[in-house]
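So the structure is just underneath, and the comments pick up after that.
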Amino acid sequence: MSGEIISVAQMRAIDAASALAGVPTQALMRNAGGAVAREIAKRLSPRPTAVLCGPGNNGGDGWVAAKALRELGWPVWVEALAARDALSGDAADAASAFSGDVFDLGAAPQAALYIDALFGAGLSRPLEGEAARMAESLDAERVVAVDLPSGLNGDDGSPAGGACFRAALTVTFVRKKVAHVLMPGRAYCGEVVVADIGAPESMVAAQEIALWENGPGLWSLPWPDVDAHKHARGHVIAASGGRARTGAARLAARAALRVGAGLVTVLSPPDALDENAAHLTAIMVREAGDEAAYAEAARTAQALILGPAFGTSDAHYKLLCAAMEATPRCPIVFDADAITLLAPITHGFDSRDVMTPHVGEFRRGFPGIWSASESRIDAARAAAAYARCNVLLKGPDTVIAAPDGRAVVNTTGTPFLATAGAGDVLAGLIAGLIGQGMESFEAACAGAWLHGRAAEALGAGLIAEDLPEILPEVLNSLTPPGLWMGLED
């Protein structure tokens with residue numbers, strides 16, 4: 001399935017199961033090395049190329065790639081970490097088939113391009129010796145990694161030690177690994193290409209993968225029917241902070257409206273009513289001065305946003321609890337101050353709720369979980385299971401987790417999203433999608449993806465107010481052909 005992400009152990013299991021199913025391991029290695037050569041030849045003209053080969057199967061892939069590039073007329077040689085006569089199995093066979101020059105690692109002339117086939121995802125210890133020296137000295141622009149830049153932990157995206165290769169291109173196999181999508185690993189990998197090497201899809205499916213890279217293939221936006229009216233597209237309410245603390249709620253409300261909610265209201269404390277009204281036109285304003293008003297909002301809306309610049313006093317906590325305890329109530333998107341008010345998390349949440357902490361808020365909300373988790377994915381999954389709601393852990397590698405263990409890593413976005421108010425817009429996008437009837441986990445995934453794509457469309461200089469305004473461009477790029485014309489794609 002497109003977008004699936006696997007662990008190193010799952011990849012090993014797929015390789016082993018493929019062999020038992022009758023796919024020769026030599027064929028997998030031949031296909032892997034051939035894919036590396038093809039992807040390089042697609043992008044670059046022939047140039048002096050050194051293939052750095054380690055002692056295992058990753059090195060075997062490198063020997064195959066070297067042979068394939070040589071047959072294409074490339075000036076290529078191998079720099080080996082282990083002597084050919086010390087190799088075994090498929091790697092030894094691949095090495096024996098290469099007839100070009102072979103040097104000890106680091107003993108060859110300077111190359112224009114280096115193919116890192118030293119260790120890939122299988123290394124769990126720091127790089128040493130010449131491998132570490134080369135990792136530190138080579139520019140990423142001259143490196144292509146086989147499977148994963150050597151020195152990276154394949155399961156959490158962190159360097160296994162002080163030295164780690166960086167690549168302009170990484171060619172991996174079957175599916176992306178966790179290190180291809182989590183930071184800092186994603187930055188070390190450059191462009192990532194996933195090559196099919198002939199592993200049967202049934203062997204992949206047997207792994208029961210529950211981790212994906214975010215994208216439109218995982219969810220469908222709630223496009224309105226041709227006869228839709230505003231009440232059919234959902235009512236979203238955003239709770240505002242008090243006087244001089246109103247902008248965040250308006251950002252969230254604007255995003256909810258732009259993403260398609262039919263009606264959006266800002267729930268305003270009395271002292272901020274005029275301030276909110278002066279800045280809003282298509283978005284409505286409703287006065288709310290007590291707990292009953294917040295409970296009523298939770299009962300009548302299709303989605304409620306609580307937290308952006310909301311306030312963190314005891315009075316605000318009571319208003320928050322009134323909304324949470326309303327029966328029945330709509331899904332709530334908890335952001336910013338709402339997470340601070342609830343920390344450490346002990347309340348029971350509705351399974352339709354979405355919590356959107358950044359790392360600092362997550363640490364306060366789930367202190368034991370963060371310290372005990374091996375990766376952001378593990379942390380988000382554990383928090384979602386504990387709180388029994390959807391958790392979106394914000395960052396350059398945002399993770400969205402559902403209580404049932406599903407998790408998605410979002411890779412859209414730019415560093416320019418590190419600006420005040422961007423998170424408020426994200427909360428509004430999620431609520432706006434939930435308000436239109438989208439399942440909450442999918443809404444969180446879609447909201448994160450749209451948020452990142454909008455930032456990419458804007459580029460440098462973006463501020464939070466820009467994000468809802470560029471959203472129509474992003475949405476229109478996703479509109480199914482003939483949506484309102486009775487046509488099918």
Side-chain angles (χ1 to χ4, degrees), residues 237-253 255 266-269 271-272 288 290-291 293-295 297-298 303-326 329 331-350 353-373 376 379-380 382-395 398-401 417-431 440 444 447-448 451 464:
I237 296 179
S240 172
R243 181 176 173 273
R245 290 176 56 86
T246 61
R250 291 198 302 274
L251 282 170
V266 168
L267 198 65
S268 177
D271 69 340
D290 57 21
E291 295 168 35
Y294 284 80
L304 176 62
I305 306 163
L306 281 172
F310 183 60
T312 56
S313 70
D314 289 344
H316 290 104
Y317 179 75
K318 291 176 182 177
L319 297 175
L320 174 64
C321 290
M324 290 181 67
E325 294 165 5
R329 71 162 172 86
I332 299 176
V333 177
F334 295 94
D335 185 43
D337 287 352
I339 300 170
T340 298
L341 284 168
L342 294 169
I345 303 297
T346 57
H347 284 68
F349 293 85
D350 189 295
D353 293 339
V354 179
M355 203 179 307
T356 61
H358 57 58
V359 171
E361 292 161 345
F362 189 99
R363 285 176 180 271
R364 292 193 295 272
F366 302 99
I369 289 175
W370 181 265
S371 59
S373 298
R376 291 169 60 85
Y386 174 76
R388 289 177 287 182
C389 72
N390 303 284
V391 173
L392 184 150
L393 177 54
K394 291 187 286 198
T398 288
V399 178
I400 306 101
L417 275 172
T419 186
D424 306 320
V425 173
L426 175 59
L429 293 176
I430 296 168
S440 294
H451 189 247

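Quick note: residue numbers are just sequence positions, from 1.
In this structure, V391 and V399 have side chains that are not in contact, with every pair of non-hydrogen atoms separated by 4.5 Å or more. Contact check for V333 versus L304: no side-chain heavy atoms found under the 4.5 Å cut-off. With contacts defined as side-chain heavy-atom distances shorter than 4.5 Å, the pair L320/L342 qualifies. Residues I400 and K394 are not in side-chain contact: their nearest non-hydrogen atoms beyond the backbone lie 4.5 Å or more apart. Residues H451 and L417 are in side-chain contact: their nearest non-hydrogen atoms beyond the backbone lie under 4.5 Å apart.
Panel note: side chain D337, backbone G311; a donor-acceptor pair is recorded below 3.5 Å. With D353 contributing its side chain and C389 its backbone, the two residues share no donor-acceptor pair below 3.5 Å. When atom types are taken as modelled, the side chain of R376 and the backbone of L393 share a donor-acceptor pair closer than 3.5 angstrom.
With sequence neighbours left out, F349 forms a ring pair (Phe, Tyr, Trp, His ring centres under 6.0 Å) with F334. In this structure, the ring pair (Phe, Tyr, Trp, His ring centres under 6.0 Å) partners of F362, at least two apart in sequence or on a different chain, are F366, W370. Listed by chain and number, the residues in a side chain to side chain donor-acceptor pair (under 3.5 Å) with T246 are R250, E275 (sequence neighbours excluded).
The distance from atom CD1 of I369 to atom CD1 of I345, rounded to the nearest 0.5 Å, is 9.5 Å. E361 contributes atom CD, which lies 7.0 Å from atom OG1 of T356 (distance to the nearest 0.5 angstrom). The OG atom of S313 sits 7.5 Å away from the CG atom of L341 when rounded to the nearest 0.5 Å. Rounding to the nearest 0.5 angstrom, the gap separating the CD1 atom in I237 from the CD1 atom in I305 is 10.0 Å.
No side-chain donor-acceptor contact under 3.5 Å links S440 and N390.
Residues Y294 and A239 approach most closely at CE2-CB, 4.0 Å, considering heavy atoms. The shortest heavy-atom contact between G447 and I430 is CA-CG1, 4.3 Å. In terms of heavy atoms, L306 sits closest to P308 at C-CD, 3.5 Å. In terms of heavy-atom proximity, R243 sits nearest to A272 at N-CB, 3.7 Å. Scanning both residues, A326 and A295, for their nearest heavy atoms gives CB-O, 3.6 Å. Residue H316 comes nearest to T312 through the heavy atom pair ND1-N, 3.8 Å, listed as atom of the first residue, atom of the second, then distance.
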Between D335 and L426, does the side chain to side chain contact (heavy atoms under 4.5 Å, CB included) criterion hold? Intermediate values first, please.
CA-CA 10 Å; D335 185 43; L426 175 59; over 6 Å; no
When you look at L319 and F310, which way does the side chain to side chain contact (heavy atoms under 4.5 Å, CB included) test go after all the steps?
CA-CA 10 Å; L319 297 175; F310 183 60; 4.0 Å; yes
